[in-house]
Amino acid sequence: MFKPKVPTMPQPTGLITPPAVVEPTTVVQSPTPLAAPAAARPTVQLTPGSVLALVGGGAAVVLVVGAVLVSMLLAVAITGASVAICALVIRSLIASDNQHR
């Protein structure tokens, strides 16, 4: 029951073809190296519309990141304030309990 069972690989069924034999080929070197043609890449042209889109997208990213950071800071501040209030209430309960004894 506790002995591991090792799976066995089943033998392939059907038609088996032998692997193809690859014969090496000879490489002929040319006497002069060929120069690669210069890649003609188009230059980026910024139109007023694309500049406006880039500025709008950047502003949106800044606003979203700012909102996330402010909300995280607010969550930490609220948690800290609630923990401080709980500590004051517990301290007050302990102090009033000691006075009544």
Side-chain angles (χ1 to χ4, degrees):
M1 180 173 152
F2 293 108
K3 292 181 181 178
K5 294 181 180 178
V6 180
T8 58
M9 289 293 294
Q11 294 298 322
T13 59
L15 218 37
I16 300 174
T17 58
V21 178
V22 178
E23 296 182 8
T25 58
T26 58
V27 177
V28 178
Q29 298 222 352
S30 61
T32 59
L34 300 174
R41 295 189 336 180
T43 58
V44 177
Q45 296 178 355
L46 294 177
T47 61
S50 62
V51 170
L52 189 62
L54 285 174
V55 169
V61 167
V62 167
L63 288 175
V64 168
V65 170
V68 168
L69 291 177
V70 167
S71 64
M72 287 172 57
L73 179 65
L74 187 61
V76 169
I78 290 173
T79 303
S82 64
V83 168
I85 290 172
C86 288
L88 288 176
V89 169
I90 291 173
R91 184 175 137 191
S92 173
L93 289 173
I94 291 174
S96 67
D97 191 33
N98 287 341
Q99 289 177 353
H100 291 296
R101 285 187 181 185

Any sub-3.5 Å donor-acceptor pair from S92's side-chain atoms to L88's backbone N or O?
no

To the nearest 0.5 Å, what is the distance between CG (L74) and CG (L69)?
12.5 Å

When clusters are formed from ILVMFWY side-chain contacts under 4.5 Å, directly or step by step, what else is grouped with V70?
none

When clusters are formed by joining ILVMFWY residues with side-chain heavy atoms under 4.5 Å apart, either directly or through shared neighbours, do L54 and V62 land in the same one?
no

